[in-house]
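This report concerns only the one structure given below.
Just so you know, these numbers come straight off a predicted model, no measurement behind them.
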Amino acid sequence: MDDTEALKMIDKSFYLRDVLEVAPDLLGKTIIRKWPSGCEERVLITETEAYSGMGDKACHASKGRTNRTEVMFMEGGILYMYLVYGMHWMLNVVTSVEDEPQAVLIRGLNTVNGPGRLTRFLELDKSFNREDLIMSDRISLYDTGLSPDYDALPRIGIDYAGEYWKNKPWRFVMK
DNA sequence: GTAACGATCCTC
DNA sequence: AGGATCGTTACA
C-alpha cells in the first residue's frame, strides 16, 4: 500500500505567503525526492532560515537583480540553488509573490544535518535551480499534519551582513 | 580582463 | 584554527 495518499501535497498558496510565515511552517514537512530508477527518498525538514527581500543585507537579493538572484524575484513555489565556498549546493524554497525576493534555506533534515550535506544526500545541484515544486517529478513537498514546536535563533554564517541583520532570529529549529 | 569572497564542511 | 574549491560579483 502506498502511504503517499496519507500525505497532502503542499499547494501553491502555501508558498505565496511571507517568508517569515513559510520558513517556520516548513518544519515537519516532508521532502520526497524521486529518481528515474524508481528509487525514492523521504525526509523531514527540521531546520530552516528565512532570507527576506532586498532590504535584508544577508539575502542575496540585497544585491539587486542579477543572473543568480533573478529566481528569487519570481513567484514562490520554486527552488533556488546556488554554490557556496566552491563546493556546497544550497537548497532554497522561493516564497511570496513576484518581485518580492524571498527564500527559505533548508538547513537540516531528520536524516542529515547541514545545508551542504543534505543536498549531497538528496543529490540536488544547479539542475534544480528554478525547479517548480508543484510540477516536478523529481522533488516535491508534502504536508504531514505535524506542526512541531521550534526555537527561533539567529542565522548562521552571515557575519558580513552586520549586527542588525545578523541578530534577527530568523533561523527556525524543530525541538 | 582580474580579484575577492562566500547562507560550509572536514581535518588538524 | 585552517584549508578545500569555484561560481558570482564588482571593478578596471
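- Nucleic acid contact for A:I158: sugar-phosphate only, since backbone atoms but no base atoms lie under 4.0 Å from a heavy atom of the residue.
- Look at A:H60 and you won't find any side-chain N or O under 4.0 angstrom from OP1 or OP2 of C:dT8.
- For the pair A:R155 and A:Y51, the cation-pi criterion (under 6.0 Å, within 45° of the ring axis) is fulfilled.
- Residue contacts for A:M90: at a heavy-atom cut-off of 4.0 Å it reaches the sugar-phosphate backbone alone, with no base atom in range.
- Annotation: of the two residues near DNA chain C, A:K126 and A:Y85, the 5′-most nearest-nucleotide partner is A:Y85.
- Look at A:Y160 and you'll find a side-chain N or O under 4.0 angstrom from OP1 or OP2 of B:dA7.
- Residue A:K63 places none of its side-chain N or O atoms closer than 4.0 Å to OP1 or OP2 of B:dC5.
- Rounded to whole angstrom, the span from the CZ atom of A:R65 across to the C1' atom of C:dA10 amounts to 20 Å.
- Rounded to whole Å, the distance from CG on A:D125 to P on B:dT8 is 18 Å.
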Pair A:D25-A:R17, salt bridge (Lys or Arg N to Asp or Glu O under 4.0 Å): steps then yes or no
CA-CA 11 Å; A:D25 276 5; A:R17 298 173 300 150; 2.9 Å; yes

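- As rounded to whole Å, 12 Å separates atom C1' of B:dA7 from atom CG of A:L83.
- The side chain of A:M87 lies closest to C:dT5, out of C:dT9, C:dT5, B:dT8.
- The listed nucleotides are B:dA7, C:dG7, B:dC9; the one nearest the side chain of A:L105 is B:dA7.
- A close approach under 4.0 Å does occur between a side-chain nitrogen or oxygen of A:R120 and OP1 or OP2 of B:dC10.
- Contact annotation: A:T66 side-chain N/O to C:dT8 OP1/OP2 distance is not under 4.0 Å.
- Residue A:W89 contributes atom CH2, which lies 8 Å from atom C1' of C:dG7 at whole-angstrom precision.
- When rounded to the nearest whole Å, the span between OH of A:Y80 and P of C:dT8 equals 9 Å.
- Residue contacts shown for A:R155 are absent, as no nucleic acid heavy atom lies under 4.0 Å away.
- Between the P atom of B:dT8 and the NE2 atom of A:H88 lies a distance of 9 Å, rounded to the nearest Å.
- Between A:R68 and C:dT9, a side-chain N or O to OP1/OP2 separation shorter than 4.0 Å is present.
- Between A:K34 and A:D137, no side-chain nitrogen of the basic residue sits less than 4.0 Å from a carboxylate oxygen of the acidic one, so the salt-bridge criterion is not met.
- Contact annotation: A:R117 reaches the phosphate of B:dC10 (side-chain N/O to OP1 or OP2, under 4.0 Å).
- Put simply, CG on A:N129 is 13 Å from C1' on C:dT8, counting in whole angstrom units.
- When the P atom of B:dT8 is taken as reference, atom CG of A:D159 falls 10 Å away, rounded to whole Å.
- For the pair A:Y51 and B:dA7, the ring geometry qualifies as stacking, because the centroid separation is below 5.5 Å while the planes lie within an angle under 30°.
- The closest side-chain heavy-atom distance from A:N92 to A:Y82 is below 4.5 Å.
- Backbone-only contact: A:G116 has heavy atoms under 4.0 Å from sugar-phosphate atoms and none from a base.
- In this structure, A:E70 pairs ionically with A:R130, as a charged nitrogen and a carboxylate oxygen lie closer than 4.0 Å.
- Judged by Watson-Crick or G-U wobble contacts below 3.5 Å, the nucleotide C:dA10 has B:dT2 as its partner.
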